[in-house]
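Computed from a predicted structure; not experimentally measured.
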Amino acid sequence: MNAKEFLSRGINLERHVRNLTNEIEHYRSLVNNCSVTYSDMPKSTTENYKLEDCTQKIIDLQKELSDAMADLVDVKCAITRAIHKIGNYDYEDLLVKRYVFCETWEKIAEDMNYELRYIHKLHGKALRELKFFP
């Protein structure tokens, strides 16, 4: 695994957590439209969701979200430790902003008061300096 792949794990996990959270919210909204089946009544022509199906899906997604959050914390801690071993403030600042806080390139350039093109060059140099990762 190279430095960029190592650092990108945090961004990918963060995206996964966000997607799981959105999916849970989707199923929670479906609960309002759910029906409880008390017998073998014929299905209606409108789309119905079973309350127990939605509830089980929410429970499963919450477990997956909990596991993903734990993984995210571990990965972000490993990323932070590796970044802080570089020893160059600009490199560390850029990598933390990008891979720990998941900021956009434009925001990083604005915060660091550099042009976007220079930020990309600085990023390349910072990646070459990052040597302490699993």
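For the atom pair CZ of R18 and CG of N22, the computed distance is 8.0 Å after rounding to the nearest 0.5 Å. Between K57 atom NZ and E52 atom CD the span is 15.0 Å, to the nearest 0.5 Å. To the nearest 0.5 Å, atom CD of residue E64 and atom CD1 of residue I24 are 8.5 Å apart. The distance from the CZ atom of R15 to the SG atom of C102 is 8.5 Å, given to the nearest 0.5 Å. Here CD of E5 is found 10.5 Å from CG of N12. Values are rounded to the nearest 0.5 Å. Note that CG of L72 and CG of L65 are 10.0 Å apart. Values are rounded to the nearest 0.5 Å.
A3 and L130 get closest at one heavy-atom pair: CB-CD2, 3.9 Å. Minimum heavy-atom separation, A68 to V17: CB-CG2, 3.9 Å. Smallest separation of non-hydrogen atoms from F6 and A82: CE2-CB, 3.8 Å.
The shortest side-chain heavy-atom distance between V73 and M69 does not fall under the 4.5 Å cut-off. Side-chain contact between E110 and K107: absent, with no pair of heavy atoms (C-beta onward) separated by less than 4.5 Å. Side-chain contact between I83 and L7 is present, with at least one heavy-atom pair separated by less than 4.5 Å. Y114 has its side chain within reach of D90: a pair of non-hydrogen atoms, C-beta onward, lies under 4.5 Å apart. Side-chain contact check for M112 versus I119: some heavy-atom pair is nearer than 4.5 Å.
Transitive grouping of hydrophobic side chains (ILVMFWY, heavy atoms separated by less than 4.5 Å) brings L116 and I108 into a common cluster. Tracing side-chain contacts under 4.5 Å through hydrophobic residues (I, L, V, M, F, W, Y), one reaches L122 starting from W105; they form part of the same cluster.
The closest donor-acceptor contact from the side chain of Q56 to the backbone of D53 lies at 3.5 Å or more, if one exists at all. For S66 (side chain) and Q62 (main-chain N/O), no donor-acceptor pair under 3.5 Å exists by modelled atom type. No donor-acceptor pair closer than 3.5 Å links the side chain of K4 to the backbone N or O of M1.
Partners of H16 by ring pair (Phe, Tyr, Trp, His ring centres under 6.0 Å), not counting sequence neighbours: none found.
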Would you tabulate the side-chain donor-acceptor contacts of residues 92-99 under 3.5 Å, counting partners in other chains and residues two or more places apart, or write 'none'?
| residue | atom | partner | partner atom | Å |
| --- | --- | --- | --- | --- |
| E92 | OE1 | H84 | ND1 | 3.4 |
| E92 | OE2 | G87 | N | 2.9 |
| R98 | NH1 | E103 | O | 2.9 |
| Y99 | OH | H123 | NE2 | 2.7 |

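Atom CD of E106 sits in a crowded spot, with more than 12 heavy atoms from other residues, nucleotides or ligands closer than 6.0 Å.
In this model, no donor atom of one side chain and acceptor atom of the other lie less than 3.5 Å apart for N19 and E23.
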